[in-house]
Amino acid sequence: MQDMCVQIAGIIESYVNDLELDENLYETNLAELGINSIAFIQTIVEMEDRFQIEIPDEYLLISEMDTVYKMASIVMLLTESAE
């Protein structure tokens, strides 16, 4: 889980200026950290490409994936079910 969080944090950091995510921020709401809807969608697209998954529509709301931990949990669930 920790490795997945680190990878996702790196993706988010690439789309949000002046943001450094460490493990203390993995449970913090992403909107509070400065992620907007455009950065959120860019993050989703990058995660789908990087992890070779398709995130179902019901998860494509920032309220469903509003922390790094939630994103990592969903990605892990989808990658495990794809195997």
Side-chain angles (χ1 to χ4, degrees):
M1 176 69 126
Q2 190 66 20
D3 182 53
M4 182 65 68
C5 287
V6 169
Q7 291 182 60
I8 291 172
I11 294 170
I12 294 169
E13 289 172 345
S14 71
Y15 294 112
V16 180
N17 293 332
D18 301 322
L19 177 64
E20 290 187 29
L21 290 169
D22 63 29
E23 63 185 55
N24 297 319
L25 297 174
Y26 290 169
E27 291 188 60
T28 303
N29 185 291
L30 295 173
E32 294 174 16
L33 298 174
I35 191 169
N36 60 29
S37 58
I38 294 170
F40 176 74
I41 294 300
Q42 291 171 318
T43 299
I44 296 300
V45 170
E46 177 72 22
M47 288 189 314
E48 287 181 329
D49 288 345
R50 182 174 297 184
F51 302 113
Q52 299 296 302
I53 57 172
E54 184 174 335
I55 298 173
D57 291 346
E58 63 262 22
Y59 295 120
L60 297 179
L61 300 170
I62 199 161
S63 60
E64 292 296 319
M65 292 198 295
D66 61 350
T67 69
V68 172
Y69 276 133
K70 285 183 182 178
M71 287 182 162
S73 295
I74 291 168
V75 170
M76 290 178 68
L77 177 71
L78 293 171
T79 56
E80 288 171 5
S81 66
E83 293 177 353

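Atom set for the values below is all heavy atoms of this structure, side chains included, hydrogens, waters and symmetry mates excluded.
- Under the 4.5 Å side-chain criterion, counting only non-hydrogen atoms from C-beta, Leu33 is not in contact with Val16.
- Between Ile11 and Phe51 there is a side-chain heavy-atom pair separated by less than 4.5 Å.
- Taking all atoms of both residues into account, the shortest heavy-atom contact from Leu19 to Glu13 is O-CG, 3.3 Å.
- Taking 4.5 Å as the limit, some side-chain heavy atom of Leu78 sits within range of a side-chain heavy atom of Pro56.
- Annotation: side chain of Ile44 is in contact with side chain of Leu60 (closest heavy-atom distance under 4.5 Å).
- Taking CD from Glu27 and SG from Cys5, the interatomic distance works out to 9.0 Å, rounded to the nearest 0.5 Å.
- Nearest approach of Ala9 to Tyr26, heavy atoms of both residues: CB-CE2, 3.8 Å.
- In this structure, the side chains of Glu58 and Glu64 stay at 4.5 Å or more apart for every pair of heavy atoms.
- To the nearest 0.5 Å, the span separating CG on Asn36 from CG on Leu30 amounts to 11.0 Å.
- Counting non-hydrogen atoms of neighbouring residues, nucleotides and ligands closer than 6.0 angstrom, the CG atom of Leu61 exceeds 12 such neighbours.
- Side-chain heavy atoms closer than 4.5 Å link hydrophobic residues (I, L, V, M, F, W, Y) into clusters, and following such links, even through other members, never connects Ile62 to Ile38.
- Looking only at side-chain heavy atoms (C-beta outward), Met65 and Ile55 come within less than 4.5 Å of each other.
- Considering CG of Leu25 and CG of Asn29, their distance stands at 11.5 Å, rounded to 0.5 Å.
- Taking CD of Glu46 as the start and CD of Gln42 as the end, the distance is 9.5 Å to the nearest 0.5 Å.
- Side-chain contact between Ser73 and Met4: absent, with no pair of heavy atoms (C-beta onward) separated by less than 4.5 Å.
- When each of Val45, Asp66, Ile35 is paired with Phe40, the side chain to side chain contact (heavy atoms under 4.5 Å, CB included) condition holds for Ile35 and for no other.
- Within a 6.0 Å sphere centred on CD of Gln2, heavy atoms belonging to other residues, nucleotides or ligands number more than 12.
- Residues Ile12 and Met71 have side chains in contact (heavy-atom distance under 4.5 Å, counting atoms from C-beta outward).
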